[in-house]
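Remarks on the structure that follows.
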Amino acid sequence: MPEWLQAGGWGLLAGSALLLGAVTGWYVRVPQWVNASIMAFGAGVLLSAAAFELIGKAHERGGTLPTAIGAAGGAVAYTLANVALARRGARHRKRSGRQPTEKDRPGSGSAIAVGAVLDGVPESVVIGASLLTGNTVSLVTVAAVFLSNVPEGLSSAAGMRRAGRSRRFVFLLWTGIALLGGVAALAGRVLLGGASPALLAAITALAAGAILAMVTDTMVPEAFEDAHLLVGLITVAGFLAAYALSIA
């Protein structure tokens, strides 16, 4: 199978976890503390993946300077975009109980949709780019993204339901983002195919910086709000789970 097709398939698989979580969050009345606990675990998984699979690999490929520049650039770019979206009602897009209704904040539904895309694309690009260093995709990266996407979709969809958004909106949104994940992974493989080691390192680190900013700005607050007494322990459990995958 061509590598670009493999990349798209793996990206779609990882993105499908968002839809799986969204279906669960819509139809199952999961207590908020359970949402928060699952979100904390997902945050730990992504922190581990960013550290060992992204920053670590970027440093191996291109050295310290491209890695540092890429990570800082990713964090800045994500933060600026997130600030703009927050002003339009997407600040709590991953929270199960604090999303605004369309009546409260007109246009917030569109902002939430754009924010969900912003959160998911960097992860998918890295899945595709991981094929550039070998003949197979990084299964650790795929597993980490999949495991973190389930709680993201679950908590966000539960919040959308409570905010009065329609089932059609929710399922079309997450289906579209799952498909976009496949396209982004494919693009990561195709567009970065001729990249130098330094540029590939910078792109990988850029995704890592964006992911780290996303975790601390959107996932950790959701986790802390309802599971603050255990959030540290659960986050470390997620971190260690992803770490075990990376050294297996």
Side-chain angles (χ1 to χ4, degrees), residues 3-4 7 10-11 14-15 42-87 90-91 94 114-134 136-145 148-149 152 177 180-181 183-221 235 238-239 242-243 245-247:
E3 285 190 359
W4 62 269
W10 286 114
V45 167
L46 278 183
L47 288 172
S48 182
F52 295 108
E53 288 298 308
L54 302 183
I55 294 293
K57 296 293 176 61
H59 184 267
E60 290 176 6
R61 291 171 186 152
T64 301
L65 187 59
T67 301
I69 292 174
V76 169
Y78 178 88
T79 300
L80 291 176
N82 196 47
V83 167
L85 290 169
R87 291 173 177 170
R91 178 70 180 87
K94 281 186 168 61
V114 174
V117 173
L118 174 69
D119 296 338
V121 167
E123 305 165 350
S124 300
V125 170
V126 169
I127 289 174
S130 70
L131 277 163
L132 298 173
T133 58
T136 59
V137 74
S138 170
L139 294 179
V140 176
T141 303
V142 174
V145 174
S148 64
N149 277 346
E152 286 186 47
I177 294 175
L180 185 60
V183 173
L186 185 153
R189 170 61 185 86
V190 173
L191 298 180
L192 299 176
S196 66
L199 178 58
L200 188 57
I203 296 295
T204 302
L206 185 146
I211 289 170
L212 289 170
M214 181 270 290
V215 167
T216 54
D217 197 61
T218 64
M219 295 182 73
V220 171
T235 302
F239 185 95
Y243 174 70
L245 287 174
S246 70
I247 61 174

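Note that the coordinates shown come from a computational prediction; the quantities given were computed from them, not determined experimentally. The first residue of the sequence shown is numbered 1, and numbering continues consecutively from there.
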Which atom pairs, one a donor and one an acceptor, fall under 3.5 Å between side chains of residues 200-216 and the rest of the protein, sequence neighbours left out?
unit_1	atom_1	unit_2	atom_2	d
T204	OG1	R61	NH1	3.0
T204	OG1	L200	O	2.9
T216	OG1	L212	O	3.1
T216	OG1	A213	O	3.2

D217 and N82, any side-chain heavy atoms less than 4.5 Å apart: yes

Distance (rounded to the nearest 0.5 Å) between L186 CG and L180 CG: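 One gets 11.5 Å once the value is rounded to the nearest 0.5 Å.
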
Spacing of OG belonging to S196 relative to CG belonging to L199, to within rounding of 0.5 Å: 5.0 Å

Where V142 and A14 come nearest, the two heavy atoms and their spacing: O-CB, 4.2 Å

Heavy-atom pair with the smallest gap, counting every atom of A7 and R189: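 Distance-wise, the nearest heavy atoms are CB-CB, 3.7 Å.
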
With V76 via side chain to side chain contact (heavy atoms under 4.5 Å, CB included) - residues at least two apart: L80

Which pairs would a plain distance check flag for residues 45-54, meaning a side-chain donor or acceptor within less than 3.5 Å of a matching protein atom at least two apart in sequence or in another chain?
unit_1	atom_1	unit_2	atom_2	d
S48	OG	F239	O	3.2
S48	OG	Y243	N	3.3
E53	OE1	K57	NZ	3.3
E53	OE1	S138	OG	3.0

